[in-house]
Peer 1: 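Would you mind keeping the following structure in view while I ask a few things?
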Amino acid sequence: MSAYTLRHYLFYWNRLFGRQRNSLQDLAGYYLPSVSIIVPMHDEEAVADTILELLVTMDYPKDNGWYEVIAVNDGSKDRTGIFIDTYAERYPFIKAIHRPDGGRGKSDALRVGTEAANNEIILVFDADYQPTRACIKRLVAPFRDPEFGMVMGRVMPINTNQSLMTRMLDLERSGGYQVDQQARYNLSLVPQYGGTVGGIRRQVLQTLGGWDVYTLAEDTDMTMRCYYNGWRIAYVNVAECYEESVLSWKERRAQLTRWAVGHNQCLLSHSGAVIKSPVLSWFQKIDGLLLLGVYLVPVLMLLGLVLSIIIYFFGAYWWWLLFAALVFTLAYNNIGNFASFNEVGISVVLDKRGRVIWLLPWSLFNFFANVWLCTGALIKSLIVHGNNVTSKANGETVNGSVKWDKTVKKGIHKHNGKVTKLPKQKDD
Amino acid sequence: MMRRIYLHRGLWSMQPQILHMAIGALFTLLVALFLVYRIELLWDFQKTIIQKLLAFAEVPYRTTRLPYVDLKQGIPVYYQPGGNTFIIPVKYQVLGPNQALLAIAVLVALGFVSYRFKIVPLPFKVLILFLLTLIIATILYTTFVSALPPHTINKLAIDWQYSGSIILLLIAVIFTFSVFPVKGPLWVKLLWLTVAFLYAITWNTVRISVVLSSLYYLGSFIFLLAHYLTGIYIDFLYIVAIYSLALAHLARLETSEVGW
Amino acid sequence: MFLGLLCFVPGLIELLRARDPGPLSVDLDRDIDERYFSRAFRQYLNRALALTPIKSSGTEEIAVSMNRGLERLKVVNEDLHLASETHYKHSLLIRGNLTTENNCRLEGEICVEQTCITGKNNNILALYGREVHLGENNIVKGWVDAEEILEIEPNCTIGSRVTAGQRISLKGDADLKALAAPVIVIGDDIEPTRPFEDRLAPPQWSADLDRLVITNFDTQTIEEIGAYIERSVGKSIPYSNVLRRANQLGLIEKPLILLNEKQRPHFIKDKTWLQAGDTIRVKGDVNIPTGERIAGNLIVEGNLSTEPAVAFEGGVHVNGSVDLGAGAVLAKSLVARGNITLNEGCIIEQCCDADGDLYVKSGTRVGNSGTGGLSSRKTVFIERNTLIKGKIYGENAVKTAQKI
């Protein structure tokens, strides 16, 4: 826990006052490799047109197959497929892939999309994302450095004012990207590829054996495999992209559980390889392990709370010991726990925002939810990991425990009203 | 005249205000020296207020001073001998084993219902479960272990007076590293540091008074809960709140660079 | 209780009477445009003129709303010649050509729809023209942009972006910040020294050659295999190409393998790994001898130096400094955390990025078809007779000189 505290303060100091690496953005737009963009979609009719329209208007050379969009309709039951087909008919660089028997999870959809991709760089966007026009140019810029195998851009919620939840997530995202990811990139540690608004060099993906369809967090899985095999992950803080945040605790529960289980799977699968990696420094290895263990922190905090109750009733009460313990507990409780709040705080300063930070104490409610969900996720991940080991050992190609655990998108915020609307079907 | 331009938020950082940080560090040092050498002043002041509050709440009490604790015992931090503490008559409450088990069963059922109740947001469900756990632990302790609280009550006040004093040092440290280096005028930082100090002292004084009163009026059971819940964890809350006000203030005053 | 709940009150106020509720503002339509300042200025002009009717001939002075507020704009519907020591405080829109003599001081932005030729020692805020010729010792505080061609005489200082739609020519020493154009010539035009493709033509692997690699890969060094291939079929194959082919043939299976002494080229002494079959990672300094050819990418965790005429088929990343020998050819990009020196006649097909200073010697060519460029987080020093197709950016400055 103290390691996480130190890490948070290091990140805060580095991001606010350190020299910022700009992920080779000085020459963004002057390096234009061929790009394949995969958009996995599963029941995305509310948002499909927005993302496709934005990818159509993207500022990137689109001739001769240099730019292709691969929209994977993965077992959708709604009109997602019609949207995709309409765009594919209209624009030659959009490829439609329909998988009526799909629906086995995002990583499986990505695997299929990757098989259809022809270009050097593979980027991934979720269907509810809204990238800026320059986003692709900015995301591909770091790939001119052969050391970078993956890239990640900045995610920003668009529907911030819809509920307390969305406002909390807005703050969480700010701290996570503006401070945490950028600082990790500055310090040559491990910025995490988040599964969307990012991508990978096609050759690296092939060498590493493609997306792991057994995991719930194919993003963390690929990040770690890249990392300990010698590639760095670039974080491009200026490649900004809106996302639609979840609105209810029910959706948040499903989302966070998925992330936590997937992350914990990666912890179980990759910790050894991180420690053994010959191309990572000790500092990098420690950061890799801390990143992998990040969803264990709320569990440890729950343990801490339980222990505090036990100690409260049965602990030693020699008062000099109490005093020494008091100093440490107070120091950790305030300075330690404060570290992550501090990150969020300065992210607001860096983003030149103001009063939104008044909501910071309300993040404690998020904390309570995280403690609960991450504890449940830890138990679930142990079961899932066991199942996966068995499935892999049996040579099964499809993992039954991995499926789309969908966050339903509302498509409330359309981009400048420019999206193409399909005529309503007769049976609508 | 140049045009005002804004550096992209993704790329800019700021120079740490080292002078402000040094002032913060100096302030922290002064607080530390005060805590080591002149802490009685604060405690005497707190005692005066607490006495008034207890008198207002009609809680009978007497004050005493705890004995000196030497440096060796006080490792790692030296602290001053004794402090004011309050001794009050205590009402001990004990449930019978059957009553306790029944109460626990009701609480467990309550926890289950609240967890299944869709209208309750998840964080509140978790909070309720945590509170129920604490209540159950308290029932189990008072019923099956001891009717007496696990620590002597007369040490409560001194315990919290210490924590209420140490927190001043921690606030100074937090502000020195997290607020003072941030770009912005010094007066804003000093203003919010002062607010944090005042809040900490007020909070600590009120906390002792309220928990002592709850012990007198509501008995040891509620005291155990109140003592735990308003313990050291709550300080964090107001530190974050005041920190957020300070940063919002600084962010508002932030100016941009000028140029073509 | 009250004091505890009080901590949530500021947040509650922001929730109920939100002052900062929206998402971070992002202009989804904004693209990367090096000529942004110039375009923004002309957009202001167009918007202002659309609202203010003006004469179609002669000269007129009008008040227009610009980015700084209301200000004076002089509209000249014909050619304009400014005598020495002329001092203008407001902006100028010239429909014809503009010529200035020496020591003019123009404190507003200037938009010239035809050609602009300035004399010596002019002091200008910002300048746009179809064709622009900046005289000696001009100081431009802001940007300079030409729709087609921009020529800059020696000893000019320009504080912001220097851009052109077609070509920028720097005749002599200059102190700049950033330049962008499909063609940027410093000094005189240079001829490509030798056909780039010839030097980096990939080897044609036949079934026989593959068999040679498969049979000998475990028993011989890659240099021996290379020599063997040369003896057998008369083709010179670079060592790293043998390694790459071995990977393609499935002889190297893991994504990251430590190369033994047999597998790594003789000039690499430190620990070396092969990543993804096409990237060599070296933990230490590397000095590449004359005429070597490196297939795939190269990552050097120390410093990199090369002797003349080395060719790289892929990109290069260096944690330390780079000294690229004369006539080196690099098919992709070069990125270094330290300083980079590109000696005489180097060719870099894509980009070159240094965290330290970047020294570019004469005869160097960087970029291809408007994509490519040089960037430094410190200063870019460029000798005359270099050709950059794309962009040059120095966070501190871009300085050109006869000799650096």
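Proteins come first, then strands; the chains are lettered A, B, ... in the order of their sequence lines, and each starts at number 1. Just so we're clear, the structure is a prediction, and the values are computed from it rather than from any experiment.
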Peer 1: Would a 4.5 Å heavy-atom cut-off, applied to side chains only, mark Ile346(A) and Leu247(B) as touching?
Peer 2: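 Yes. Closest side-chain heavy atoms under 4.5 Å.
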Peer 1: Is the ring centre of Phe177(B) less than 6.0 Å from the ring centre of Tyr12(A)?
Peer 2: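 Judged by ring-centre distance (under 6.0 Å), Phe177(B) and Tyr12(A) do not meet the cut-off.
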Peer 1: side-chain contact (heavy atoms from CB on, under 4.5 Å) for Arg154(A) and Arg9(B)? Distances and angles first, verdict last.
Peer 2: CA-CA 11 Å; Arg154(A) 182 172 177 188; Arg9(B) 58 175 162 248; 3.9 Å; yes
Peer 1: Counting only non-hydrogen atoms closer than 4.5 Å, does Phe130(B) touch chain A with its backbone (N, CA, C, O), its side chain (CB onward), both, or neither?
Peer 2: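 Side chain only.
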Peer 1: Is there a side-chain contact between Phe17(A) and Gln15(B) in this structure, where contact means two heavy atoms from C-beta onward sitting under 4.5 Å apart?
Peer 2: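 No. Closest side-chain heavy atoms not under 4.5 Å.
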Peer 1: A cation-pi test, strictly: NZ or CZ of Lys352(A) under 6.0 Å from the centre of the six-membered ring of Trp12(B) and no more than 45 degrees from its axis. Yes or no?
Peer 2: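 Positive - Lys352(A) is close enough to the ring of Trp12(B) and near enough to its axis.
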Peer 1: Heavy-atom cut-off 4.5 Å, strictly under: side chain, backbone, both or neither for Leu373(A) against chain B?
Peer 2: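 Side chain only.
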Peer 1: What is the distance from atom OG of Ser244(B) to atom CD1 of Ile357(A), rounded to the nearest 0.5 Å?
Peer 2: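 It comes to 6.0 Å.
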Peer 1: Side-chain contact, heavy-atom cut-off 4.5 Å: Phe365(A) with Leu122(B)?
Peer 2: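 In short, these two side chains do not touch, never coming nearer than 4.5 Å.
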Peer 1: Is the distance between the ring centroids of Phe368(A) and Phe124(B) under 6.0 Å?
Peer 2: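 Between Phe368(A) and Phe124(B), which both carry aromatic rings, the centre distance is not below 6.0 Å.
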Peer 1: Are Leu11(B) and Asn237(A) packed together at the side-chain level, in the sense that at least one heavy-atom pair is separated by less than 4.5 angstrom?
Peer 2: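 With C-beta onward as the side chain, the pair stays apart.
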Peer 1: Could you tell me whether the side chain of Trp249(A) reaches within less than 4.5 Å of the side chain of Pro123(B), counting heavy atoms only?
Peer 2: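 A side-chain contact exists here, since the closest heavy-atom pair is under 4.5 Å.
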Peer 1: If you take all heavy atoms of Trp358(A) and Ala248(B), which pair is closest and at what distance?
Peer 2: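 Shortest heavy-atom separation between Trp358(A) and Ala248(B) comes out as NE1-CB, 3.4 Å.
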Peer 1: Evaluate the side-chain proximity of Met14(B) to Val349(A): yes if any heavy-atom separation is below 4.5 Å, no if none is.
Peer 2: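 Yes, close enough: below the 4.5 Å cut-off.
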Peer 1: Using a cut-off of under 4.5 Å for heavy-atom pairs, which of Arg355(A), Arg253(A), Gln182(A), Arg252(A) has the most such pairs with chain B?
Peer 2: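 Result: the option with the highest number of such pairs is Arg253(A).
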Peer 1: Among Arg19(A), Glu240(A), Met165(A), Arg21(A), which has the most heavy-atom pairs under 4.5 Å with chain B?
Peer 2: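 Greatest number of close heavy-atom pairs with chain B: Glu240(A).
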Peer 1: For the candidates Pro181(B), Ala241(B), Pro121(B), Ala137(B), which exhibits the highest count of non-hydrogen atom pairs separated by less than 4.5 Å from chain A?
Peer 2: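 Ranked by heavy-atom pairs under 4.5 Å with chain A, first place is Pro181(B).
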Peer 1: Go through the atoms of Gln25(A) and report whether side chain, backbone, both or neither lie under 4.5 Å from a heavy atom of chain B.
Peer 2: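 Neither part; nothing is under 4.5 Å.
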Peer 1: Is Leu169(B) close to chain A through its backbone or its side chain, or both, or neither, when contacts mean heavy atoms under 4.5 Å?
Peer 2: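 Neither part; nothing is under 4.5 Å.
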Peer 1: Within the structure provided, determine whether Phe341(A) and Ile239(B) are in side-chain contact (heavy-atom separation under 4.5 Å).
Peer 2: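 Sidechains of Ile239(B) and Phe341(A): no contact.
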Peer 1: Between Asn370(A), Val344(A), Leu360(A), who has the most heavy-atom pairs with chain B when the cutoff is under 4.5 Å?
Peer 2: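 Looking at each of Asn370(A), Val344(A), Leu360(A) in turn, Leu360(A) comes out on top.
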Peer 1: So which atom in Val238(A) and which in Gly10(B) form the shortest heavy-atom distance, rounded to 0.1 Å?
Peer 2: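 Minimum heavy-atom contact is CG1-CA, 4.2 Å.
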Peer 1: Chain B heavy atoms under 4.5 Å from Trp13(A): which part of the residue, side chain, backbone, both or neither?
Peer 2: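 Only the side chain of Trp13(A) comes within 4.5 Å of chain B.
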Peer 1: Tell me if a side-chain donor or acceptor on Ser13(B) pairs with a main-chain N or O of Arg15(A) at a distance below 3.5 Å.
Peer 2: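 Not confirmed, Ser13(B) side chain does not pair with Arg15(A) backbone.
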